[in-house]
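I have placed the structure first, in the form of structure tokens, so that the comments after it can refer back to it.
Computed from a predicted model, the values in this text were never measured in an experiment. Any value given below was found using the heavy atoms of this structure, including those in side chains, with hydrogens, waters and symmetry copies removed. Atoms within each ligand, like the ligands themselves, are counted from 1 in listed order.
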Amino acid sequence: MAGAAETARDEASERLDAVIVGAGFGGLYALYKMRELGLRARVFEAGDGVGGTWYWNRYPGARCDVESMQYSYQFSDELAQEWEWSERYAAQPEILRYLEHVADRFELRRDIRFETRVERAHWDEERGLWRIGTDRGDELSARFCIMATGCLSSTNTPDFDGVEDFEGDSYHTGQWPHEGVDFAGKRVGVIGTGSSGIQSIPLIAREALHLTVFQRTPNYSVPAHNAPLDPDKQAHIKENYARYREQSRATPFGLVNPPNESAAMDATPEERRAEYEMRWAEGGLGFMMSFVDMLVSRESNDTAAEFIRGKIRETVEDPELAEALCPDTVVGCKRLCVDTDYWETYNRDDVRLVDLRKNPIERLTRRGLRAGGEEYELDAIVFATGFDAMTGALLRIDIRGVGGRTLADKWDAGPVTYLGLMTAGFPNLFTITGPGSPSVLSNMVPSIEQHVDFIGDFLTHMQERGAARVDPEPDAEAAWVAHVNEVGDATLFPTCNSWYLGANIPGKPRVFMPYLGFLAYCEKCDEVAANDYAGFSLR
Ligand code: FAD
Ligand code: N01
């Protein structure tokens, strides 16, 4: 029986068909889809605008590393045809403008509440709905809850001693001030050499009086060779968009880069060099397609690693510095970075590298940072220290499923999902690009669209079947998790301390979270749908 408090809450709360959390690529398309199905939906977004990743990450040099013509929606051909990308890899302001255009074009904003953080989502078993609470005091209920909260939206700032002592300015790349930052005349420190660090370091170096880069693990990076998009090339792709997009669906990462089907160890050293040189000259993530066994054979991977180290040694003039920048991990085991002038930046005499493996950070001080016994005086510190990826944004919400069980409790030993779309015991709660889906190991826009389309079709199926509640079957979930692990374990991914494994966050369970194989995944989802949504239990 419902208690008086719940009855009162019911009267006070607004009833929706679906609540969507997040207004990035995922949340915007989810809202469009819910409307298309005739459902009443509302989006809650913590930021004061749309864009998600592209709203928050405004650091110098932020741009996509999947080519613009591929890193965009496919659901509307009119949208695809009318939007003109200016560069091979669009910069953050342009991608943000694109998403703002999408929000305006499809009149999405009227159903989005900005500057509102969802704090809690509790499943009400008796009424078969989610009760949602926000930091603005909203109380709502909805039959479905769609978490489009992002894989890389929950920033990680390491808990260095003395953070509060530092009297200069500090910034996180993932929460960059909207008004920009003027580094002119400043001594700047950047901590972190992942994609965000590698994109921003060359530009900060040009602007600042002096830059110190604090590097813990050297990283691999390939050149972007970014350039204005040739209008003829753009027009040609647009004429053949459907085929172009189909091609991307048929590749392991959802990218239109022809994979080389031969193994590196079957090629001669000259053939390998020629292939790597070709990919290097082409630029971008296509480098990972050089050989089919790059992510499964250490011997093969070592040839790619040595090739990149050779490029670093050729570019960085000081041999000792070049060695300090040379990675010794597996190429692609942490996401491969794509840069413009990254290695060249270390030839500047106003840039210094501090190798944290030899000289660990001891603490922040009033005037800067102390590492390896030396104090570095800094006017500003940039934390390019990444994210609590894949699960962070979800677990920051108090999510409770059947019997009041928290998601944090269920995922105590690592995330457990069926297809990365749902987790058993949390009925009617969907995750867009959740752990266990290709997500961050794919071109994410098509991955997001595939998830939203699957959910849309599924809701239609439920309606046709007269079902109001869906929950994955625990056996299907366990089998999927085992499969995700098996695929991950057959690769070199578990060999380094990446955020794919949660290894960047102290105390986070070490589990390989994404599913490797966009094509295999899409086929699996199609098969599940064709088999009456096998593995999902409907009521
Ligand atoms: P997001 O864009 O992260 O949006 C999630 C939104 O949810 C955020 O705005 C957040 O504020 C909101 N939110 C979270 N929790 C709450 C809450 N409790 N209440 C209210 N709102 C909440 N992927 C690629 O495939 N190619 C690329 O080139 C590429 N480049 C990238 C560059 C950067 C700098 C980063 C950080 C990521 C990049 N990615 C790239 C990954 C990128 O995150 C995805 O491509 C995509 O933008 C994710 O969209 P999303 O809607 O799923 O999540
Ligand atoms: O974060 P990261 P990111 N002390 O986690 C270091 C996407 N993205 O924001 O490797 C000292 O990769 C850490 O060192 P280590 C893309 O998917 C894409 O750069 O853990 N250092 C590392 O060097 C990407 O993978 C683009 O030893 C510490 C860095 O900080 C993902 O987002 C651009 C530390 C963090 O690197 C995340 O990228 C930007 C500590 N305590 C982002 N803690 C494109 O190019 C962490 N570090 C499209």
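- Ring-centre distance between Trp123 and Phe426: not below the 6.0 Å cut-off.
- Taking the ring centroids of Phe454 and Tyr521, they lie at or beyond the 6.0 Å cut-off.
- For the residue pair Arg510 and Asn497, a side-chain donor N or O sits within less than 3.5 Å of a side-chain acceptor on the partner.
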Run through all N or O atoms in ligand 1 and write down each protein N or O closer than 3.5 Å, as a pair with its distance.
{"from": "ligand 1", "atom 1": "2 (O)", "to": "Thr53", "atom 2": "N", "distance (Å)": "2.7"}
{"from": "ligand 1", "atom 1": "2 (O)", "to": "Thr53", "atom 2": "OG1", "distance (Å)": "3.3"}
{"from": "ligand 1", "atom 1": "3 (O)", "to": "Thr53", "atom 2": "OG1", "distance (Å)": "3.4"}
{"from": "ligand 1", "atom 1": "9 (O)", "to": "Glu45", "atom 2": "OE1", "distance (Å)": "2.7"}
{"from": "ligand 1", "atom 1": "9 (O)", "to": "Glu45", "atom 2": "OE2", "distance (Å)": "3.0"}
{"from": "ligand 1", "atom 1": "9 (O)", "to": "Trp56", "atom 2": "NE1", "distance (Å)": "3.2"}
{"from": "ligand 1", "atom 1": "11 (O)", "to": "Glu45", "atom 2": "OE2", "distance (Å)": "2.7"}
{"from": "ligand 1", "atom 1": "11 (O)", "to": "Trp56", "atom 2": "NE1", "distance (Å)": "3.1"}
{"from": "ligand 1", "atom 1": "18 (N)", "to": "Val118", "atom 2": "O", "distance (Å)": "3.0"}
{"from": "ligand 1", "atom 1": "19 (N)", "to": "Val118", "atom 2": "N", "distance (Å)": "2.9"}
{"from": "ligand 1", "atom 1": "21 (N)", "to": "Ala46", "atom 2": "N", "distance (Å)": "3.1"}
{"from": "ligand 1", "atom 1": "25 (O)", "to": "Met444", "atom 2": "N", "distance (Å)": "2.8"}
{"from": "ligand 1", "atom 1": "28 (O)", "to": "Asp65", "atom 2": "N", "distance (Å)": "2.7"}
{"from": "ligand 1", "atom 1": "28 (O)", "to": "Asp65", "atom 2": "OD1", "distance (Å)": "2.9"}
{"from": "ligand 1", "atom 1": "28 (O)", "to": "Val66", "atom 2": "N", "distance (Å)": "3.2"}
{"from": "ligand 1", "atom 1": "43 (O)", "to": "Thr53", "atom 2": "OG1", "distance (Å)": "2.7"}
{"from": "ligand 1", "atom 1": "45 (O)", "to": "Tyr71", "atom 2": "OH", "distance (Å)": "2.5"}
{"from": "ligand 1", "atom 1": "47 (O)", "to": "Tyr71", "atom 2": "OH", "distance (Å)": "3.2"}
{"from": "ligand 1", "atom 1": "51 (O)", "to": "Phe25", "atom 2": "N", "distance (Å)": "3.1"}
{"from": "ligand 1", "atom 1": "51 (O)", "to": "Gly26", "atom 2": "N", "distance (Å)": "2.8"}

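- The ring-ring contact (aromatic ring centres under 6.0 Å, His included) with Phe25 is formed by just one residue from the set Tyr55, Tyr73, Tyr32; it is Tyr73.
- The shortest side-chain heavy-atom distance between Leu285 and Asn257 does not fall under the 4.5 Å cut-off.
- Within 4.0 Å of ligand 2, heavy atoms belong to protein residues Tyr59, Arg63, Cys64, Asp65, Leu152, Pro158, Phe160, Ile191, Gly192, Thr193, Gly194, Ser195, Ser196, Gln199, Arg216, Thr217, Lys334, Arg335, Leu356, Ala384, Thr385, Gly386, Phe387, Trp499.
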Just distance, no hydrogens or angles: give the donor-acceptor pairs under 3.5 Å from side chains in residues 322-332, sequence neighbours left out.
{"from": "Glu323", "atom 1": "OE1", "to": "Arg313", "atom 2": "NH2", "distance (Å)": "3.3"}
{"from": "Glu323", "atom 1": "OE2", "to": "Arg313", "atom 2": "NE", "distance (Å)": "2.8"}

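- A salt bridge does not link Arg249 with Glu246: every distance from a Lys NZ or Arg NE/NH1/NH2 to an Asp or Glu carboxylate oxygen is 4.0 Å or more.
- Applying the salt bridge (charged side-chain N to carboxylate O under 4.0 Å, His left out) test to every pair with at least one member in residues 41-55, sequence neighbours left out, gives these pairs: Glu14-Arg42.
- Here the side chain of Glu362 pairs a donor or acceptor atom with the backbone of Gly372 at under 3.5 angstrom.
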